[in-house]
Chemist: 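Would you mind keeping the following structure in view while I ask a few things?
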Amino acid sequence: MTIPLLILLLIVAAIVLMLIPLKGKKHELALPERHIDERDTMFSRNEIKPGEKRFEDYYSMRPANRANDDVFRSRPGLLGYDAKYYNRFAFASAEASFEAVEAFFPYREKGKRQKAKDKSRGEACFASDTDDELSKFLKHWAIKMGAHSAGIAEMRDYHYYTYGGRKERYGKEVNNDHKYGIAITVEMDHELISTGPQAPAVMESAQQYLKSGMIATQLVLTLRNLGYEATTHIDANYDVICPLVARDAGLGEIGRMGLLMTPKLGPRVRIAVVTTDAPLLCDKPGYDNTVIDFCMICKKCARVCPSSSIPYGGRESHPGGFRWQINQESCFTYWCQAGTDCGRCMAVCPYSHKSNLIHNIIRWGIRNNFIFRRLAVKFDDLFYGSRPDPGRMPEWIMEDYE
Ligand code: SF4
Ligand code: SF4
């Protein structure tokens with residue numbers, strides 16, 4: 001039998017198998033407790049500077065973190081001039097996106113609902129809104145504005161940080177009584193993300209923080225104009241842990257690399273959240289046994305991670321639930337060396353492939369049949385490589401192209 005014929009037979013067998021519904025082993029589900037202090041996140045630790053009172057206070061509270069943090073502080077830093085993947089154009093653009101998203105910060109505050117600007121969309125509207133119509137409107141409008149997906153979760157204690165850790169929220173207890181959270185995802189460009197850990201990846205990442213910040217701010221102002229309270233949770237201004245809200249809003253499941261895995265784009269998304277007291281209709285949470293099962297066998301992100309920050313084993317019990325926990329210290333230290341937010345794990349994930357007919361059929365098969373899931377891991381290695389190289393930088397981003 002010739003090799004092409006054998007491959008053809010294998011593909012036909014895989015297609016037949018994919019059509020048979022076999023769900024496979026059920027993996028344990030455990031919800032987290034509220035435990036994450038934002039001051040312990042790497043972005044917050046990166047923000048405190050030697051000589052400041054916050055710096056002294058933090059390391060008195062967490063002396064064990066000091067030695068590691070001195071290591072990342074000795075590196076060039078995110079978007080640093082001496083960083084390994086420094087690129088003048090891409091870093092300038094990424095910095096511009098982070099600066100531009102600051103324009104939305106003044107709108108974030110929970111504040112009080114706006115005074116009705118006219119009778120038709122003020123108190124009268126407030127009294128007559130039904131959960132269903134307002135929920136539909138907000139989700140559809142988010143998609144029209146450029147979101148990839150949008151969903152609504154009932155807010156729970158574990159969605160929130162215990163204490164804030166960035167800028168003026170530093171050390172303040174997080175206190176938010178909004179009942180609902182609208183989570184939105186925006187797509188990150190496949191070509192640019194596939195170059196990670198090179199510079200185009202951080203350029204795209206920053207751009208999508210900006211885009212998601214714009215959509216979330218528009219939703220917040222719309223809700224306030226309708227007479228409700230609302231707060232944005234966007235770049236550097238989060239009271240909430242976005243992947244958990246997005247998972248509970250039905251947008252995906254949390255995978256091995258600790259990111260939200262959406263059904264069509266995998267982890268190749270950025271998330272923003274709006275919390276509100278508006279009466280909304282919740283979506284079904286995105287618990288997905290098939291994603292957990294696929295991550296159990298795949299491990300491609302762990303294989304390619306340049307800082308070995310992603311575990312190879314099964315999920316374990318943490319205060320954050322029964323989950324995979326990446327090593328945030330070693331990951332961030334690598335970012336400070338690279339100058340970018342790396343994204344190598346996201347780039348190689350089989351769920352991150354472009355959303356097109358073939359990939360969507362394979363994703364459907366992965367959900368439908370647990371044997372096909374195992375074959376799909378092998379096929380992904382065969383077609384894309386078990387340790388794929390980073391994608392080539394587009395010419396227009398290279399400084400020396402003619
Ligand atoms: S690369 Fe594989 S193991 Fe890692 S998150 Fe994606 S599917 Fe899961
Ligand atoms: S972003 Fe890079 S360093 Fe961090 S976990 Fe992913 S692959 Fe590893």
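Ligands are counted one by one from 1 in listed order, and the atoms in each one are counted from 1 as well.
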Chemist: Does the ring of F322 carry R315 above it, NZ/CZ under 6.0 angstrom from centre and within 45° of its axis?
Modeler: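 Output no; distance or angle outside limits.
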Chemist: What closest approach, in Å, do I184 and A142 show between heavy atoms, and which atom pair accounts for it?
Modeler: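 For I184 and A142, the tightest heavy-atom pair comes out as CG2-CB, 3.9 Å.
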Chemist: Near Y351, which atoms of ligand 1 are under 4.0 Å from a heavy atom of that residue?
Modeler: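 What qualifies from ligand 1 is 7 (S).
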Chemist: Mark the output for M296 as yes if a heavy-atom distance to ligand 1 is under 4.0 Å, and as no if none is.
Modeler: no
Chemist: What is the nearest protein non-hydrogen atom to atom 8 (Fe) of ligand 2, stated with its residue, atom name and distance?
Modeler: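 Protein heavy atom with the smallest distance to atom 8 (Fe) of ligand 2: C305 SG, 2.3 Å.
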Chemist: Any heavy atom of W335 sitting closer than 4.0 Å to ligand 2?
Modeler: yes
Chemist: Would you call D248 and K284 a salt bridge, using N to O less than 4.0 angstrom?
Modeler: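 No.
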Chemist: Between R45 and D70, does any side-chain N to carboxylate O distance fall below 4.0 Å?
Modeler: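 Here R45 does not pair with D70 in a salt bridge, since their nearest N and O are not under 4.0 Å apart.
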Chemist: Go through ligand 2 atom by atom and flag the ones less than 4.0 Å from a non-hydrogen atom of C342.
Modeler: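 In order of numbering, the contacting atoms are 1 (S), 2 (Fe), 3 (S), 7 (S).
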Chemist: Go through ligand 2 atom by atom and flag the ones less than 4.0 Å from a non-hydrogen atom of I310.
Modeler: 5 (S)
Chemist: Under 4.0 Å between a Lys/Arg side-chain N and an Asp/Glu carboxylate O for R62 and D69?
Modeler: no
Chemist: Examine all N, O or S atoms of C345, backbone included, and report whether one is under 2.8 Å from atom 2 (Fe) of ligand 2.
Modeler: no
Chemist: Is the Lys NZ or Arg CZ of R39 less than 6.0 Å from the centre of Y163's six-membered ring, within 45° of the axis?
Modeler: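 Yes - R39 lies over the ring of Y163, closer than 6.0 Å to its centre and within 45° of its axis.
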Chemist: Return the residue, atom name and 0.1 Å-rounded distance of the protein heavy atom closest to atom 5 (S) of ligand 1.
Modeler: M257 CE, 3.4 Å
Chemist: With a 4.0 Å cut-off on N to O distance, would you call D189 and R268 a salt bridge?
Modeler: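 So D189 does not pair with R268 through a salt bridge.
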Chemist: Looking only at protein heavy atoms, which one is nearest to atom 3 (S) of ligand 2, and how far off is it?
Modeler: S307 OG, 3.3 Å
Chemist: For ligand 1, note which part of K299 has a heavy atom under 4.0 Å away: side chain, backbone, both or neither.
Modeler: backbone
Chemist: Determine, for D239 against R169, whether the closest basic-nitrogen to carboxylate-oxygen distance falls under 4.0 angstrom.
Modeler: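 Looking at R169 together with D239, the answer is yes, because their closest N to O distance falls below 4.0 Å.
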Chemist: Please list, in number order, the atoms of ligand 1 under 4.0 Å from a heavy atom of C301.
Modeler: 1 (S), 3 (S), 4 (Fe), 5 (S)
Chemist: Within ligand 1, which atoms have a heavy atom of R256 less than 4.0 Å away?
Modeler: 3 (S), 5 (S)
Chemist: Could you tell me which atoms of ligand 2, counted from 1 in the order shown, lie closer than 4.0 angstrom to a heavy atom of G343?
Modeler: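 Result: 1 (S).
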Chemist: Assess the side chains of Y58 and D40: does a donor N or O sit below 3.5 Å from an acceptor N or O?
Modeler: yes
Chemist: With a cut-off of 4.0 Å, which atoms of ligand 2 are near a heavy atom of P306?
Modeler: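 Answer for ligand 2: 7 (S).
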Chemist: Just jot down the ligand 2 atoms closer than 4.0 angstrom to any heavy atom of R344, in number order.
Modeler: 7 (S)
Chemist: Look at the N, O or S atoms of C331, main chain and side chain alike, and state whether any lies under 2.8 Å from atom 8 (Fe) of ligand 2.
Modeler: no
Chemist: Would H233 and T275 satisfy side chain to side chain donor-acceptor pair (under 3.5 Å), going step by step from the backbone distance to the final call?
Modeler: CA-CA 8 Å; H233 304 272; T275 53; 2.9 Å; yes
Chemist: Can you list the ligand 1 atoms lying under 4.0 Å from a non-hydrogen atom of C349?
Modeler: 1 (S), 6 (Fe), 7 (S)
Chemist: So if I count the atoms of ligand 1 from 1 in the order they appear, which ones are less than 4.0 Å from some heavy atom of F294?
Modeler: 7 (S)
Chemist: Any side-chain heavy atom of N87 within less than 4.5 Å of one from M393?
Modeler: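 With C-beta onward as the side chain, the pair touches.
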Chemist: Can you tell me which portion of V304 lies within the under-4.0 Å heavy-atom range of ligand 2? Options are side chain, backbone, both, or neither.
Modeler: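 No part of V304 is near ligand 2 at this cut-off.
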Chemist: Can S309 and S330 be said to form a side chain to side chain donor-acceptor pair (under 3.5 Å), step by step?
Modeler: CA-CA 6 Å; S309 302; S330 54; 2.8 Å; yes
Chemist: Against heavy atoms of C298, which atoms of ligand 1 measure under 4.0 Å?
Modeler: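 Taking each heavy atom of C298 in turn, ligand 1 has 1 (S), 2 (Fe), 3 (S), 7 (S) under 4.0 Å.
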